[in-house]
Amino acid sequence: MTSRRKGQEEDSETEEVREAVATLFRVIRPEPRLRLGEAEARVLAPLVAQWLARGSTAADLAHALLPGLPTPMHSAAAVLRYRLEHKLPPARPAARPPARYAECAKCHDPVPRPGICRPCAGLATRALTVGQGADVAAAGAARVRTALRSAMTGSRPAHIAA
């Protein structure tokens with residue numbers, strides 16, 4: 001049974017390497033100076049696999065590997081290795097932490113724990129938040145009217161004139 005597991009792990013590992021090698025060849029195909037052999041590509045495959053594991057696409061790899069290549073290309077594998085190592089994108093952040101609050105299943109008000117809130121459970125009456133909204137709106141409207149009148153007449157209101 002352990003030999004079967006090892007065989008499955010090797011198959012999945014070789015599949016990952018095959019995918020990385022294929023991606024690398026796909027990315028460098030448009031650039032004739034970046035010709036690699038199969039052995040060189042297999043050596044670079046773990047670096048490509050890291051890029052893919054971090055959510056990068058073939059386009060991301062092409063953007064990191066292809067622009068600004070040196071004119072006399074002495075070692076394509078060395079240039080690619082350097083760029084794959086030094087331009088490696090940051091690791092993906094861990095899964096989002098759970099929300100700090102939950103919503104009531106019935107009225108969708110915030111509650112400290114998942115479930116329903118006390119008023120929906122019939123344990124307490126819902127206190128209506130009665131503000132002075134109408135009074136505040138009326139006072140704000142009066143200030144706006146005063147400011148508009150003073151702008152039209154060119155004079156400053158008494159409380160601003162000083």
Side-chain angles (χ1 to χ4, degrees), residues 1-124 126-129 131 133 136-137 140-141 143-144 147-148 151 160:
M1 188 167 194
T2 57
S3 64
R4 178 181 266 176
R5 254 190 224 155
K6 286 182 184 176
Q8 289 174 349
E9 288 175 8
E10 289 174 6
D11 287 344
S12 66
E13 183 177 315
T14 57
E15 182 62 34
E16 182 179 292
V17 169
R18 270 188 250 135
E19 180 186 348
V21 168
T23 303
L24 180 60
F25 279 135
R26 217 174 312 124
V27 166
I28 66 172
R29 182 178 301 137
E31 180 55 57
R33 294 178 289 171
L34 293 177
R35 293 297 171 229
L36 296 178
E38 185 74 26
E40 291 172 315
R42 286 194 179 279
V43 169
L44 295 173
L47 292 170
V48 175
Q50 284 181 0
W51 278 71
L52 296 174
R54 293 182 179 200
S56 296
T57 63
D60 297 331
L61 280 163
H63 184 69
L65 299 178
L66 299 180
L69 291 171
T71 302
M73 179 71 69
H74 296 292
S75 173
V79 169
L80 292 173
R81 182 180 308 107
Y82 179 84
R83 290 183 176 199
L84 286 169
E85 289 172 349
H86 288 86
K87 293 186 174 188
L88 185 66
R92 281 191 241 166
R96 289 186 186 179
R100 298 179 119 187
Y101 70 93
E103 288 184 350
C104 173
K106 290 185 178 180
C107 68
H108 302 291
D109 280 349
V111 292
R113 289 176 296 286
I116 59 174
C117 62
R118 293 179 61 84
C120 290
L123 299 174
R126 183 173 305 210
L128 295 175
T129 308
V136 171
R143 275 189 251 127
V144 169
L148 287 173
I160 300 176

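Below, each value reflects all heavy atoms present in this structure, side chains not excepted, and no hydrogens, waters or symmetry copies. Heads up: numbering here begins at 1 and tracks the sequence.
Side chains of L36 and L44 form a contact here, defined as non-hydrogen atoms less than 4.5 Å apart. In this structure, the side chains of L65 and K87 stay at 4.5 Å or more apart for every pair of heavy atoms. Counting heavy atoms from C-beta on, the side chains of R83 and L69 come closer than 4.5 Å. Put simply, the side chain of V79 reaches to within 4.5 Å of the side chain of P70, judged on heavy atoms. Side-chain contact between L84 and L61 is present, with heavy atoms from C-beta onward closer than 4.5 Å.
Taking every heavy atom of both residues into account, T71 and R33 meet most closely at CA-NH1, 3.7 Å. Nearest heavy atom pair, residue C117 against residue V111, reads CB-CG1, 3.4 Å. Across all non-hydrogen atoms, the minimal contact from R54 to A91 is NH1-N, 3.5 Å. Residues A20 and A45 come closest through the heavy atom pair CB-O, 3.4 Å.
Remark: F25 engages no residue in a ring-ring contact (aromatic ring centres under 6.0 Å, His included) (not counting sequence neighbours). For H74, the ring-ring contact (aromatic ring centres under 6.0 Å, His included) test picks out no residue, with sequence neighbours left out.
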E38/V21 under side chain to side chain contact (heavy atoms under 4.5 Å, CB included): CA gap, chis, key distance, verdict:
CA-CA 8 Å; E38 185 74 26; V21 168; 3.8 Å; yes
Step-by-step side chain to side chain contact (heavy atoms under 4.5 Å, CB included) determination, L34 to L66:
CA-CA 9 Å; L34 293 177; L66 299 180; 3.5 Å; yes
Chi angles and distances behind the side chain to side chain contact (heavy atoms under 4.5 Å, CB included) call for R81, V43:
CA-CA 9 Å; R81 182 180 308 107; V43 169; 4.3 Å; yes
